[in-house]
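To start, the structure itself, in structure tokens.
Small disclaimer: the values here were computed from a predicted structure and weren't measured. Per chain, numbering begins at 1; letters A, B, ... match sequence-line order.
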Number of protein chains: 2
Amino acid sequence: MPKRKSKTEAEATSPSKKQKTEADATSPSKKQKTDADAKPPISLEEMDFSSSASTKTGNAWNKKFISMNVNGFRAFLNKGGLDYIKKESADVFCIQETKCSDKDIPVDDFKKAGFSTHFLAGDKAGYSGVGIIYKDPPMSIKDGIDVEKHDDEGRVITAEYEDYYLVTVYVPNSGRGLKRLEYRTKEWDVDFRKYLKELDNKKPVILCGDLNVAHNEIDLKNPKSNKNKTPGFCDAEREGLTELLQEGFIDTYRHIYPNKEQAYSFWTYMGNARAKNVGWRLDYFLVSKRLEDKMCDSLMRSQVMGSDHCPIALLMAF
Amino acid sequence: MPKRKSKTEAEATSPSKKQKTEADATSPSKKQKTDADAKPPISLEEMDFSSSASTKTGNAWNKKFISMNVNGFRAFLNKGGLDYIKKESADVFCIQETKCSDKDIPVDDFKKAGFSTHFLAGDKAGYSGVGIIYKDPPMSIKDGIDVEKHDDEGRVITAEYEDYYLVTVYVPNSGRGLKRLEYRTKEWDVDFRKYLKELDNKKPVILCGDLNVAHNEIDLKNPKSNKNKTPGFCDAEREGLTELLQEGFIDTYRHIYPNKEQAYSFWTYMGNARAKNVGWRLDYFLVSKRLEDKMCDSLMRSQVMGSDHCPIALLMAF
DNA sequence: CGTGCGAAG
DNA sequence: CTTCACACG
């Protein structure tokens with residue numbers, strides 16, 4: 001873990017007081033960055049993705065995972081997404097809301113950059129869809145969760161590696177007027193939890209993606225006005241995540257930064273929300289509890305543009 | 001008419017030879033312009049819309065009409081369309097394919113510029129629609145042609161002035177696969193012709209708009225490959241215009257420039273057609289024969305951008 | 001190729 | 001506010 005000298009207190013500062021970012025806490029670089037709620041847009045070149053994070057016992061990280069809801073992979077690439085991917089140079093990128101089919105993936109560009117790809121589109125064109133972009137091939141890749149009623153929307157990919165399953169998910173949004181809240185919480189959440197539990201019985205799981213829920217009040221700017229009104233902060237959705245964690249998973253970001261405020265991974269495009277940091281933490285890396293001592297850091301790449309979500313990163317020492 | 005010293009020969013030059021534009025023939029300005037098929041895009045400020053055209057008997061023009069298919073009025077305005085309208089300063093602008101409803105018209109901006117507006121939208125949102133923008137109010141304005149089956153698409157406005165009816169039309173496109181060719185030629189053309197004939201019985205008519213047909217081979221770049229294949233150059237469509245002219249109307253542009261080649265008012269956005277001047281003359285000013293001696297000039301504003309059609313102009317001496 | 005729609009987020 | 005699909009041209 002990155003010099004986590006009582007991070008609990010260190011992060012328990014007021015949101016108005018300038019806090020150090022995780023990057024500051026982990027990077028030896030002299031480049032100081034301002035807080036997540038006051039970052040001016042900077043260029044990719046200026047960003048520093050380096051990290052010297054290690055486990056509690058001092059093992060340096062050796063695997064980097066990125067998860068990002070790209071809100072349309074083609075649009076993301078048009079905005080320079082490939083440059084970000086190259087610079088970040090993660091072992092695996094897990095992306096959600098690809099909104100495209102296989103033919104739209106510039107496979108050769110990825111090959112040239114040293115990556116292979118596996119994408120899963122939903123039946124409805126331009127809707128949902130997930131993908132993984134990886135350096136080292138998994139032992140196996142599986143699409144969906146073997147429940148027919150859920151598997152036509154292209155929401156889950158499971159990549160099996162030696163030491164863990166890497167699962168990426170784009171959880172169904174509860175929709176305008178919460179018209180899909182029941183489906184989401186009573187059907188999807190239940191079956192997906194079951195799927196993860198079964199996986200976890202075989203091998204530790206790293207789950208990442210857009211869980212489409214802000215777990216607690218700290219995880220969004222305006223908990224009061226959104227509670228049980230806006231998809232993503234309804235009790236049933238939040239309880240769904242609570243239950244998943246109770247099955248034996250760790251919310252890596254909140255585990256490492258338990259009191260960190262103003263740390264979001266999503267900002268609606270409306271009303272200039274991102275500039276004002278009126279955001280939500282909807283994107284997560286969860287890991288099986290028995291991976292706890294392999295965790296090095298969990299990060300929000302809040303400066304990376306190109307979507308209404310930012311990438312999130314997990315550093316592990318295997 | 002602009003010093004039409006045997007225009008017939010003057011224009012009968014090869015397309016590769018640089019020809020003078022109508023503007024050159026009519027404007028005393030020293031600004032020389034290159035041919036329609038080799039015009040580099042120039043700024044609105046650089047364009048010269050002045051003209052000293054007059055009738056055969058030497059009466060200087062005193063009314064300017066503009067017709068333009070704007071391909072979405074909102075998009076056109078976003079691309080600086082209002083600046084063009086101000087600079088052109090026509091007595092009446094007739095526009096087609098507005099693709100918007102009344103609420104989208106910046107009425108106050110037009111008021112400030114000295115114009116009133118009347119727009120007619122079709123029932124289907126974002127489809128078709130025509131409008132007029134005028135300095136002096138007509139005696140009356142009428143929407144449609146009193147034939148119910150045609151009048152739900154917002155295609156015709158008739159403005160009655162003292163000396164003439166001004167009619168603007170957006171003729172139905174025959175559609176991909178010519179699936180609407182029958183409707184267009186056997187129903188619309190027939191009824192619209194009847195409407196115009198009846199108007200013409202009362203008062204001379206100035207008809208302008210997107211007639212969605214290139215009348216003769218000279219009126220499009222590639223007559224061979226488009227003949228009876230592409231909407232706009234099918235025999236039935238061309239005959240429809242021939243019949244209309246036979247009812248007693250003049251194609252003002254072709255009347256004044258009978259042999260002028262490469263003079264188009266539409267270029268598909270595909271394949272860089274406009275830069276290569278691979279175009280069609282689909283937009284017309286027709287006038288009742290008895291207005292012939294009031295005609296001063298008929299012009300293509302081929303440098304004006306903002307749509308896949310350019311504006312066309314008619315100068316009259318009333 | 002580009003406009004505007006409508007669904008979706 | 002932005003993505004995409006689709007219709008239409």
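Residues A:Tyr195 and A:His150 place their aromatic rings such that the two centres sit no closer than 6.0 Å.
With sequence neighbours excluded, the residues that form a side chain to side chain contact (heavy atoms under 4.5 Å, CB included) with B:Ser225 are B:Asn222. Listed by chain and residue number, B:Phe119 satisfy the side chain to side chain contact (heavy atoms under 4.5 Å, CB included) test with B:Asp102 (two or more places apart in sequence, or in another chain). In this structure, the salt bridge (Lys or Arg N to Asp or Glu O under 4.0 Å) partners of B:Lys224, at least two apart in sequence or on a different chain, are B:Glu217.
Note that the first and last nucleotides of DNA chain C, 5' to 3', having any atom under 4.0 angstrom from a heavy atom of chain A are C:dA8 to C:dG9.
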(message) Please encode protein proximity along nucleotides 2-9 of chain D as a string of B, S and -, counting only heavy-atom distances under 4.0 Å.
(response) SBSS--SB
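The aromatic rings of B:Trp280 and B:Phe233 stand perpendicular to each other, their planes meeting at an angle above 60°, with 30° marking the opposite boundary.
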Check residues 74-82 of chain B and write down every donor-acceptor pair under 3.5 Å in which the side-chain atom is one partner and the other belongs to a residue at least two apart or another chain.
from: B:Arg74; atom 1: NH2; to: B:Lys99; atom 2: O; distance (Å): 2.7
from: B:Asn78; atom 1: ND2; to: B:Arg74; atom 2: O; distance (Å): 3.4
from: B:Lys79; atom 1: NZ; to: B:Gly306; atom 2: O; distance (Å): 3.2

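In this structure, B:Lys87 fails the cation-pi test against B:Tyr84, since its NZ or CZ atom is not both closer than 6.0 Å to the six-membered ring centre and inside 45 degrees of the ring normal.
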